[in-house]
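Protein chains get the first letters and strands the later ones, always in sequence-line order, with residue 1 at the start of each.
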Number of protein chains: 2
Amino acid sequence: MAENISSAVIGRLPRYYRYLGDLKEAGVVRISSQELSKKMNVTASQIRQDFNNFGGFGQQGYGYNVELLYNEIGKILGLDKNFNMIIIGAGNLGQAIANYKDFDRRGFKLVGIFDVNPKLEGLSIRDIPIMSIDKLESFIKEHNVHIAALTIPKLHAPAIAKQLVDYGVKAIWNFAPVDLNLPEGFIVENVHLAESLMQLSYALTASERDSN
Amino acid sequence: MAENISSAVIGRLPRYYRYLGDLKEAGVVRISSQELSKKMNVTASQIRQDFNNFGGFGQQGYGYNVELLYNEIGKILGLDKNFNMIIIGAGNLGQAIANYKDFDRRGFKLVGIFDVNPKLEGLSIRDIPIMSIDKLESFIKEHNVHIAALTIPKLHAPAIAKQLVDYGVKAIWNFAPVDLNLPEGFIVENVHLAESLMQLSYALTASERDSN
DNA sequence: TAGATTGTTAATCGATTAACAATC
DNA sequence: TAGATTGTTAATCGATTAACAATC
């Protein structure tokens with residue numbers, strides 16, 4: 001069905017999903033691409049093009065059924081499935097992610113947390129045990145781990161990432177400020193906080209320049 | 001000098017900056033666009049085009065001086081300046097950000113942390129006091145706060161964001177899963193973790209589909 | 001049926017890549 | 001000078017927007 005959709009389109013789906021979820025919550029039953037375009041500040045044309053990448057979900061003269069569209073986009077994003085997730089690195093960021101109950105609700109089930117620090121072993125976050133990194137291999141091979149969130153320092157991230165691939169993890173959610181260079185086709189989604197802050201810094205700097 | 005550079009270009013600058021920093025660390029003095037293109041997995045043409053948006057930093061027949069280029073990109077990104085930053089919301093994510101010493105090093109100085117929870121008042125993270133949200137207005141007006149990192153739940157984020165704008169903050173680094181809809185031209189940089197995870201989920205789902 | 005709005009094709013715009021003259 | 005590599009123009013590619021026929 002959906003082969004080779006551009007990443008520009010995929011990048012917009014979660015935002016559509018969020019708006020449609022809000023509309024559903026608010027009890028809105030139908031919406032036209034034009035109404036949605038006003039709310040979201042994008043063109044109606046883009047909305048229709050985006051949805052039509054996956055086969056039309058609307059109806060001429062009517063628009064889109066909010067709940068149906070919400071569910072369909074959820075399916076496209078795989079939110080109707082359950083994925084087992086582990087977190088590597090129980091530092092501040094790892095703990096923050098471990099505490100996000102929303103991820104669980106959306107089908108991302110946290111099944112384990114790993115850290116190199118032996119002092120943390122035996123502790124747990126939301127009943128998920130923190131384990132020694134030594135147990136990583138056996139744990140992954142025993143459990144069906146789809147996603148590993150990598151919240152460890154830059155230095156060790158590439159080596160650990162390689163292990164994760166070898167042990168059979170399917171995707172890495174990478175928070176380390178480094179490119180992991182994994183085998184062709186392996187799924188990596190990067191969250192580079194420092195880069196985000198630099199873009200903000202650029203905007204601040206540029207706006208100061210302009211006002212002179 | 002640099003007016004209206006596309007956000008595609010700006011989005012790539014921090015990555016260039018990271019690679020050039022690593023090269024500098026490694027003692028590399030010069031690099032050609034072609035060598036850099038191999039390392040970074042982008043075209044040499046794009047590298048040269050990107051840099052030439054800001055005036056050429058290279059030299060024909062030689063390439064680019066690593067340290068000079070690193071410093072120039074740093075200046076473009078505003079990393080030669082100092083910005084005062086506050087964090088609104090001392091939950092897990094707020095604490096994680098507060099503990100990032102790297103941001104301080106790059107000129108983002110954390111000057112205050114705010115939370116609605118009165119129990120946290122009086123505590124501090126890395127010697128930065130956690131204050132009641134009641135003190136937000138006076139604090140911002142007394143200190144020169146450039147950036148506010150917003151790490152609070154979705155529900156209250158838009159209202160707090162509005163206040164931040166009114167009180168004179170220059171930019172918001174928004175971690176709440178909501179669009180803030182602030183006045184035209186006000187700087188917002190979003191980090192939507194849930195959306196990032198959904199894109200990863202899409203990739204996982206699509207790869208399963210393909211392998212069937 | 002008439003009106004509304006989609007799905008889809010065509011036109012435009014912008015970003016990326018290729019090519020090469022300029023020049024170190 | 002000859003070789004290398006940039007800076008920059010031109011060609012290509014892809015994404016966005018506009019337009020409209022199909023259809024509910």
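- Side-chain contact between B/N84 and B/I147 is absent, with no heavy-atom pair separated by less than 4.5 Å.
- In this structure, A/N52 atom CG and C/dG7 atom C1' are separated by 5 Å, rounded to whole Å.
- One interatomic measurement links the two molecules: CZ of B/R30 to P of D/dG3, which rounds to 17 Å at whole-angstrom precision.
- Between D/dT9, C/dC24, C/dT6, one nucleotide has an atom nearer to the side chain of A/Q60 than all others, and that is C/dT6.
- Take the nearest nucleotide of DNA chain D for B/F57 and for A/T43: the residue whose nucleotide is more 5' is B/F57.
- Here the P atom of nucleotide C/dT6 and the CD atom of A/Q46 are 15 Å apart, to the nearest Å.
- Rounded to whole angstrom, the span from the CD atom of B/E72 across to the C1' atom of D/dT6 amounts to 16 Å.
- Annotation: side chain of B/F54 is in contact with side chain of B/I5 (closest heavy-atom distance under 4.5 Å).
- The six-membered or imidazole ring of B/Y16 lies away from that of B/Y70, with a centre-to-centre distance of 6.0 Å or more.
- Pair assignment for C/dA15 gives D/dT12, based on Watson-Crick or G-U wobble hydrogen-bonding distances that are each under 3.5 Å.
- Of all nucleotides present, only D/dA21 satisfies the Watson-Crick or G-U wobble test against C/dT6, with each distance under 3.5 Å.
- When rounded to the nearest whole Å, the span between CG of A/N41 and P of D/dT17 equals 11 Å.
- A donor-acceptor contact under 3.5 Å is not formed by the side chain of B/S6 with the base of C/dA15.
- Spacing between atom CG of B/L36 and atom C1' of D/dT5 amounts to 14 Å, rounded to whole angstrom units.
- If A/R12 and A/Q59 are placed on DNA chain D by their nearest nucleotide, the residue sitting closer to the 5' end is A/R12.
- Nucleic acid contact for B/F51: none, since no nucleic acid atom lies under 4.0 Å from a heavy atom of the residue.
- Taking the six-membered ring where the residue is Trp, the centroids of B/Y64 and B/F51 are separated by under 6.0 Å.
- Of the side-chain N and O atoms in A/Y64, one or more sit less than 4.0 angstrom from OP1 or OP2 of C/dG7.
- Checking B/R15, B/R12, B/R18 one by one against A/E195, the side-chain hydrogen bond (donor to acceptor under 3.5 Å, both in side chains) holds for a single residue, B/R18.
- Residue A/Q34 is classed as having no contact, given no heavy-atom separation below 4.0 Å to the nucleic acid.
- Of the side-chain N and O atoms in A/R48, one or more sit less than 4.0 angstrom from OP1 or OP2 of C/dT6.
- In this structure, A/S32 reaches the sugar-phosphate backbone alone: every heavy-atom distance under 4.0 Å involves primed, P, OP1 or OP2 atoms, never a base.
- Note on A/S33: every side-chain N or O is 4.0 Å or more away from OP1 and OP2 of C/dT5.
- The nearest whole Å value for the distance from the CD1 atom in B/I47 to the P atom in D/dG7 is 12 Å.
- The nearest whole Å value for the distance from the CD atom in B/Q49 to the C1' atom in D/dG7 is 9 Å.
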